[in-house]
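By convention in this document, chain letters (A, B, ...) are assigned in the order of the sequence lines, proteins followed by strands, and residues within each chain are numbered from 1. Just so it is clear, the values below take in all heavy atoms, side chains as well, and ignore hydrogens, waters and symmetry mates.
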Amino acid sequence: MMNNSCAQPMWLNGPSPGQFYNFMGGNNAPAQLPRELTTAGPYGTKHSTAAITTGSSVLGIRFDKGVLVAADTLVSYGSLARYQNIERVFQINNKILLGGGGDFADIQSIKRSIDQKMIEDQCCNDGVVMKPAELSSWLTRVLYNRRCRMNPLYIDVVVGGVDEAGKPFLGNVDLRGRAYDDYVVATGFGRHLALPLVRERKPKDREFTFEEATKLIRESMKVLYYRDTRSLPQYTVGICTANDCSIKGPFKVEENWTFAEGVTGY
Amino acid sequence: MFRGQYDNDVTVWSPQGRLFQVEYAMEAVSLGTACVGLKSKDFAVVVGLSKPTIEMGLSQPKITSIDQHVGICIAGITADARVLGTYLRTECHTYKHTYGSLYPIQRLVNNLGNKMQISTQRYDRRPLGVGLLLAGYDDKGSHLYQVMPSANVFNCKAMAIGNRSQGARTYLMKHQDNFQLCSNDELICHGIQAMSYAASIDEPLKLSIGIVGKDQPFKILTPVESLSYQKTCKPPDTSDLSWFPETLKEFDSSAASTADSAPGPSAPRTETNSQPNLSVTPKTSKNQVDNKKSS
């Protein structure tokens with residue numbers, strides 16, 4: 001005789017009424033949405049829509065044996081020249097320089113992530129050093145990913161350096177993950193003011209020499225100081241060749257305002 | 001093979017300090033047919049001995065390419081190897097997507113080793129029953145790594161794993177000093193000859209050959225190409241049998257008949273050589289590995 005009072009309930013492990021069956025069997029638990037998308041409240045999370053503390057131009061020039069990356073030492077708060085002695089060109093490892101324009105907090109954030117990656121590289125202890133082109137590619141992925149989450153990092157960075165063979169690389173990645181590499185790259189106002197100046201001087205048949213590149217950096221930083229209101233007459237220059245990767249400076253722009261007496265009509 | 005109460009579980013030590021389950025997994029490698037790998041300064045070559053798992057059947061793939069700069073040759077349980085191959089391929093692909101460059105070989109095998117180690121330390125896992133020879137080429141030159149079920153990863157100049165691989169290892173040990181400066185053709189020839197000591201003598205060698213190196217993406221030679229290599233490669237200097245493994249001597253019927261003493265494997269030879277284990281006439285294999293899962 002079956003004892004019906006002890007019968008198992010039917011449809012064990014099934015979905016409760018109105019629910020769907022979990023075909024994944026709990027193996028692939030749905031990934032938790034990032035907190036930036038799950039904040040409670042009537043409006044959810046508000047992402048930043050503009051940079052607050054900003055660095056202006058970064059200028060990079062590639063020459064035959066390496067790259068130069070220059071940026072002035074100003075971090076503005078709106079139109080206020082708030083922080084006047086902050087280096088915006090960083091040495092990442094012995095082969096990579098990073099110059100940051102845009103929101104300085106976001107630059108510090110990405111810099112911290114990159115530094116962590118360099119530490120992980122060293123922890124592997126296999127002699128593999130990240131190349132500038134790889135960092136540029138990685139930044140593209142990260143920044144594009146942030147853009148897709150509608151929470152971009154408001155930065156515009158210049159990545160430069162040399163690879164193991166000593167071949168120089170100079171590239172630019174912006175807040176949407178757009179990237180390109182060229183013999184000269186610039187961010188901010190430098191893109192309008194410095195880029196054409198450098199391109200004008202480019203010999204068609206060869207790369208710049210180191211002397212030409214340094215001269216162009218000096219001239220361009222002067223032009224940027226004269227014509228970009230968010231700039232200072234003080235800048236640092238990162239230099240990366242096969243033998244040396246370091247930040248030089250700060251240097252002063254040779255300013256001369258005697259012509260100002262003749263300026264009229266404003 | 002009774003090891004008492006210490007071999008039921010991979011997490012249990014024997015009083016002698018051994019992990020029997022891991023050692024059993026290593027046995028699975030020697031059930032698979034042999035793999036030989038060797039490298040020069042600019043090239044790395046893997047040679048696998050293919051045997052059909054069933055008569056008339058196609059043999060399981062011995063060599064699979066992972067990325068344009070890496071390939072593996074497997075010995076052991078093919079299904080386990082496929083899992084590893086998929087893992088390696090995914091890793092390389094992800095790396096390429098993220099960094100736009102090729103995965104550094106050493107980092108790749110170290111990560112693989114770390115992944116495999118987990119299954120030697122958990123009671124609810126089993127070690128993978130597959131050994132790998134991983135050939136690759138990157139910025140730091142050519143690489144050959146041996147990966148074992150015990151999750152050991154060894155950087156090798158040359159190595160042979162799998163069934164009856166001792167003969168091949170002896171050959172490689174004898175010739176290892178020559179490999180560094182070999183051309184790619186010479187390297188393949190050395191690989192084929194090493195393999196001829198791991199294969200039974202009474203059947204034709206059915207080899208798969210993979211090569212990777214400078215300006216040479218990982219390539220698995222077509223059957224025609226590998227046959228032509230087998231034809232042109234000189235047989236080992238059979239007049240000198242001092243290093244020849246004792247166990248194989250009795251099978252070597254041609255030791256006396258071939259008395260060609262010209263040194264080096266590089267000189268191409270057009271006539272079919274007389275050593276039976278390098279003959280290319282198709283014959284039905286009689287000598288099957290009894291474990292049908294192994295390749």
Check your understanding: How about B:Tyr87: does its OH atom have over 12 heavy atoms from other parts shown lying under 6.0 Å from it?
Key -> yes

Q) Does any N or O in the side chain of B:Arg107 come within less than 3.5 Å of the main-chain N or O of A:Cys124, such that one atom is a donor and the other an acceptor? A) no

Practice problem: State whether the number of non-hydrogen atoms from other residues, nucleotides or ligands found under 6.0 Å of B:Tyr123 atom OH is greater than 12. | Solution: no

> Looking at B:Asp139 and A:Lys131, does any basic side-chain N land under 4.0 Å from a carboxylate oxygen?
Replying inline: yes

Bottom line for A:Asp121: the part with an atom under 4.5 Å from chain B's heavy atoms is both

Discussion item. I'd like to know whether NE2 of B:His93 has more than 12 heavy-atom contacts from other residues, nucleotides or ligands below 6.0 angstrom.
Written reply: no

Interatomic distance, CG@A:Asn125 vs CG@B:Asn110, rounded to 0.5 Å, equals 10.0 Å

Closest non-hydrogen atoms of B:Gly100 and A:Ser137, given as atom of the first, atom of the second and distance, are N-OG, 3.4 Å

Q | Flag if over 12 foreign heavy atoms under 6.0 Å of CZ, A:Arg191 | A | yes

A quick test of your reading: do over 12 heavy atoms of other residues, nucleotides or ligands sit less than 6.0 Å from CG of A:Asn94?
no

Can you confirm whether more than 12 heavy atoms, excluding those of B:Tyr95, are under 6.0 Å from its OH atom? yes

Residue pair B:Lys140 / A:Val128, side-chain heavy-atom distance below 4.5 Å: yes

Pairwise side-chain contact, A:Met130 with B:Tyr99, heavy-atom cut-off 4.5 Å (strictly under): yes

Value for CZ (A:Arg141) from OG1 (B:Thr94), rounded to nearest 0.5 Å, stands at 11.5 Å

